[in-house]
Structures are given as structure tokens and as C-alpha cells.
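Indexing begins at 1, ligand by ligand and atom by atom, following the structure's order.
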Amino acid sequence: MKIESFLKDVGGASRVTSARREKFRKGSPLPEPEDPIRALSDALHPDKMRFIVTDVRDVSPTSKTWRLRSTDGHIPIFQSGQYVCFHLQIGDSVLNRPYSISSAPFETKCDNPFIEVTIRRNRPYFVPDYFFDHVKVGEVLWGSMPFGTFYYEPLRDSKNVVAIAGGSGITPFLSMAREIAAGWLDVNLTIIYGSVHSSDIVCGRELDEIDRKCDKVKVVHVMSDDPDWQGEKGFVNREIIEKYSGEDTTYMFCGPYAMYTFVEKIMKEMGVPAGRFRKDAIAQPDVSLIPGYPSDKKDEVYTIKVMRGIHEDIIQAAASEPVAVAVERAGIALDTHCRGGECGMCRSQLLEGEIFVSPIGDGRRRMDKELGWFHACSAYPMSDLVIKIPIL
Ligand code: FES
């Protein structure tokens, strides 16, 4: 009986194959002049979008929020926690930079749809300062969106979410809080937000207002160095996390690497299952704080031979900066999206030399590791290198 049905399956498959072959034989070799599905998908998810800045406002002494509308009036659907990737030409460098969207998804569904990004000055590398100094109202920026998998998913995550944020890592949770407060997302969200001083809190006024008005959102500020602060003090620790956690909780973290290492340890101590702890770590400006980074190499400068097709360039690279930054500084285009080692857009090949790969942002597959592939955004040169990057 089983053999008979197996033979039927095989026979069926071969009939389908010959029918397909016949269709291919009769088909035109020319591309379909109109493909409505493709046209719809391109319209909903354009490869590149042209944004115009319509507002810039201060949200802390060191942070600003930029509001952007698309010049064609359409903004693709996204989820709180996803990011927009800007394509910037700064001097001779061509840079792609991801920024988590701090506005809420429902704000793309209104008559005048927009997104907002909130950026803090003095974050690593040179793009934040470019935004502060050059991106004014009326400026046009190119970008793509949405990207990233750091968002609430009801099929996977519990309805009680404790979000742990540090510094500008608050932005995905601000987006989520706005969405909940507007009634578009049914989640109980507690945000534990660590800052050094109350003057460092990003978007504090808006967060506190949502906390006051919406009983599904609670914001707990924790100050590590503010003697006058009346609320929680010190670093975000296990005691504070447990104090504000309920039953059946999903934990989400967004903040600097150093804080991530600490929070990950607490999650393990608390016995939180891996699937109930989601993270989005922000690149660490001080590389010596990345676990395992050989600090004695921090001040070294190496030479990298960069190969793309028939082109070869020799560039200088500091051991304290990711290979991707050195490549971009030299004016060589490299496609990047997440800048955190996860998406694989900057996947390159190491032909000679040694690199240090940040363990927090090592999204490589096992075979890639064995065959010498690496993600240039999360790898640091530890010697002179010869690398091959994708041709754009
Ligand atoms: S840009 Fe995503 S892995 Fe490098």
C-alpha cells in the first residue's frame, strides 16, 4: 500500500515536471511587461526612500528627535523596535546607518504619515554629529525601511513585557509605549530605564506622560549617579528587575554592550528561558568593555588590503574600530544595515590576518566561521589584513 502511494507520488511529480517544462517551452523569453504583484510589493516596500525632515526638536540636553516624511507620501508598515537605514554621503565616505524608529507604527497610517528617529550626540563614530550639525528641517535624506527582528511578537512573547533600557536604547520602547497608549498594541509594558543622571534621560517628559495617562505602561527610572534623585538609584540590578516583574514575563533589552553583559548575567541567574529574553545591543564606543577584547591592542593601527572584484585598495585601520568603519572612512562603499553583526549584509571574507569578533554581535553561521567569512561591522583588526568585500 505504502509502496503504491509512493510510486503515485513519484509519477505525479514527474508529470508536473513535464507540464512545467512544456509551459517554459511555450513561454516568451521577454520579461513580463506588467507584473501587478511586483508593482504592489515595490510600492509597499521600496528599495530606497526619499525622506524630508519636517521637524527637529530637543528631547534631552544631548538628544534630538528628527521627524521625517516620505516625499511620495507613503511610509511602509513597520513594527515597534524595527529600524530605518539611512544612506548618507559624508565627505568622501558613503555610509549606511541604522536608527531605531522612535515613533509608533500607527503614525504611518494617518493622513500625513511620518517616522521619527531619536539620536544622542557623541555616540560612536561620526554620524550622530553629522545629524546634529547638518540635518535641519527641509533636508532630504535617502533611506530604506523597515529592518530588524527586535519587536514584540504575540505568537512568541508573553503579554507582560519588562523592557530594560540604557541611554538611547529607550527608542524602541518609546515606540512601543506610544503604540500601546494609542490602543494599537495590547501589551502590559514596564520600562526599566537606566541613566547616569536625570538630565541624561532621553524623551523623559513624553515617557512620564504616557506612564501617567496609560495604565498599561509603567516607566521606572534608575539613576546611577544623581544624589538628588528620589526614585530607584544605582545600576539596574536583579533586585530592581524582580521588583517590577510579574508572572509569565518576556524581557527585552536595548542598551550598550557593557549593560547587556550585566543584564544577560542577571537573566541567567533568574532562570529566564532564552526565548523569553530578547536583546538589541548598541555598539560599544569603548572597545575594551567588549567581553574578550584584547585591550593591549586597543591603540594599534594596521593596514588592510581591501579587494572588490578587480579593485584593490590599501587602507589604514585602528584596532579600536570595526573593519566596516575603516572601509567607509576610506570612501569605499560597503553595504550595511544592522551594524550589529546580525543581518549579514556586510559579510566579507578574511584572506589573511587576524580579527577579533565581538561575541555580542556574532551572527555568523558555523560554516562561515570555518571558511573565514566575517561580518565587517562587528570585527576588529588584530593584525594587517587582506579581505574581500562584496562589489556594490
Ligand atoms: S551590517 Fe548587519 S551584519 Fe554587518
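In this structure, Val287 and Tyr380 have side chains that are in contact, with non-hydrogen atoms separated by less than 4.5 Å.
Among the backbone and side-chain atoms of Cys343, an N/O/S atom is found under 2.8 Å from atom 2 (Fe) of ligand 1. Among the atoms of Cys338, an N, O or S atom is found under 2.8 Å from atom 2 (Fe) of ligand 1.
Closest to atom 4 (Fe) of ligand 1 among all protein heavy atoms lies Cys346 SG, 2.2 Å. Nearest protein neighbour of atom 3 (S) of ligand 1, counting heavy atoms only, is Gly344 N, 3.1 Å.
Remark: Leu40 CG is packed, more than 12 non-hydrogen atoms of other residues, nucleotides or ligands lying under 6.0 Å away.
For ligand 1, the atoms lying closer than 4.0 Å to a non-hydrogen atom of Cys377 are 1 (S), 3 (S), 4 (Fe). Using a 4.0 Å cut-off to heavy atoms of His337, the atoms of ligand 1 that qualify are 1 (S).
Both Tyr260 and Ile241 belong to a single network of hydrophobic side chains, linked directly or stepwise wherever heavy atoms of I, L, V, M, F, W or Y lie under 4.5 Å apart.
The backbone of Glu342, and not its side chain, has at least one atom closer than 4.0 Å to an atom of ligand 1 (non-hydrogen atoms only; backbone = N, CA, C, O). Only side-chain heavy atoms of His375 come within less than 4.0 Å of ligand 1; its backbone N, CA, C and O stay farther off.
To the nearest 0.5 Å, atoms OH (Tyr83) and OG (Ser100) are separated by 10.0 Å.
Using cut-offs of 30° and 60° on the angle between ring planes, the pair Phe253 and Phe277 is tilted. Between Tyr99 and Phe131, the ring planes are perpendicular. Angles over 60° get that label, and only those under 30° would be called parallel.
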